[in-house]
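Reviewing the structure listed below.
Quick note on labels: first sequence line is chain A, next is B, and so on, each numbered from 1. Note that the structure is a prediction, hence the values are computed from the model and not measured.
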2 protein chains.
Amino acid sequence: MSLHPDFHISKMHELEQVCRSKGLPMTVQRRAIMESLAVRKDHPTADQVFETVQARIPGVSRTTVYRVLETFVQYGIVQKINSPLARARFDADTARHHHLRCTGCDVMVDLHDPSLDRLPLPTPVDNGFQIHDYTISFTGRCPRCAGKVDNRRGV
Amino acid sequence: MSLHPDFHISKMHELEQVCRSKGLPMTVQRRAIMESLAVRKDHPTADQVFETVQARIPGVSRTTVYRVLETFVQYGIVQKINSPLARARFDADTARHHHLRCTGCDVMVDLHDPSLDRLPLPTPVDNGFQIHDYTISFTGRCPRCAGKVDNRRGV
DNA sequence: ATGTTGTTTGGTAAAATATTGCAAACGCAT
DNA sequence: ATGCGTTTGCAATATTTTACCAAACAACAT
């Protein structure tokens, strides 16, 4: 377990703090959505979060889940993560870390590795880009898919 | 210009070779789609490619563009690249390189930097992942957006 | 406890994005 | 030119995401 075992608990505290300091109401939906995301170690799409939240709040609207996730991203307590697939994926861990995606089953997990967190940031050269941050996306095979062939070559 | 100035020309040769060796017909659509992608320095979505191709082949179908891009990805002559946004983006450059995305306008450009291409690959530890490859996604501000505030915080 | 206020939610609709099935058209080798 | 297998375009469909607005809710002050 690379993450703090009580990660989702501290994440709920963070949510409370942000809501309080920004004057945002702490709704049951926001609570359930954050907890559903923070207890997972994969990086679900908005619809996958919706399915999980539905089990806890039967009448919840899909719209709400999409909207709340975007709100969380805007307040910096959830991040959208890099994926070449077409759907956005979300991650409650906003500290710098990296991701492993299995090219067999598309599962995504975290990689915390301090030695990868101190890459020298490229400086603005010919393109003039000011670089602020980065994440590394590793691709490979999870243990369950190690034997199979890729279902999505090149992705 | 970090890429070879005749990149799109050699890319067309590569397409011809792949089609020939795999027995794929070289259609005008495939030619136009590859060229439309290869001449760009940004990394368009399938629909953006469709718009460009439309200008050259007025009756082209959106379906064809989506389909051909996926075919190119399967044959390894185009890659889907990492983006936290919801839409898949495509890149005709399949050599290892990295990407810069502006958090202001979402433009994506390449970063070729050999010193970033030899990162030590993490070995399977507790998670058992066999890592094959990686790309680094840098975020920052392009020259045009350097002064503005982000339109998508945290993305 | 109760009311007030501003925000959020749910539901519907629709926009945006992506995929499928099939007949007609096309590329390529002969 | 002819024939074969593949690709294309179209139309329909599926999937993912956003917009709108009346009703419900959270927070705070009574």
key: Separation of C:dA18 P from B:K80 NZ (nearest whole Å)   = 8 Å
Donor on one side chain, acceptor on other, B:D117 and B:H112, under 3.5 Å = no
ask   = Starting at CD of A:Q48 and ending at C1' of D:dT16, how long is that distance when rounded to a whole Å?
value = 13 Å
message = Rounding to an integer number of Å, can you tell me how far B:L69 CG sits from D:dT8 P?
response = 11 Å
task = Output the single nucleotide from C:dG27, C:dT9, D:dG9 whose closest atom is nearest the side chain of B:V28.
result = C:dG27
key: A:R62/A:D47 salt bridge by N-O under 4.0 Å criterion   = yes
key: B:E51 CD to C:dT17 P, straight-line distance once rounded to whole Å   = 9 Å
inquiry  = I'd like to know if the side chain of A:T94 and the backbone of A:V78 have a donor-acceptor N/O pair within less than 3.5 Å.
reply    = no
query = What is the distance, rounded to the nearest whole Å, between atom OH of B:Y66 and atom P of C:dA16?
reply = 12 Å
ask   = 5'-most contact on DNA chain D: A:Q29 or A:R62, nearest heavy atom basis?
value = A:R62
Residue closer to the 5' end of DNA chain C, A:L24 versus A:G59 (nearest nucleotide) = A:L24
task = Check every strand shown and say whether B:G23 touches a base, only sugar-phosphate, or nothing at a heavy-atom separation below 4.0 Å.
result = nothing
key: Whole angstrom value for the distance that separates P of D:dT7 from CZ of B:F72   = 11 Å
note = A:R31 CZ to C:dT8 C1', in whole Å, measures 14 Å
inquiry  = Closer than 3.5 angstrom, by distance alone: can the side chain of A:Y75 be matched with the main-chain N or O of A:K22 as a donor-acceptor pair?
reply    = no
task = Could you pick out which residue, B:M26 or B:R87, lies toward the 5' side of DNA chain C when each is mapped onto its nearest nucleotide?
result = B:R87
query = Can you find an N or O donor on one side and an acceptor on the other, under 3.5 Å apart, linking the side chain of B:T63 with the base of D:dA11?
reply = yes
task = Taking all non-hydrogen atoms of both residues into account, name the closest pair between B:S36 and B:V53 and its distance.
result = OG-CG2, 3.5 Å
ask   = Could one point to a donor on the side chain of A:R67 or the base of C:dG10 with an acceptor on the other under 3.5 Å away?
value = yes
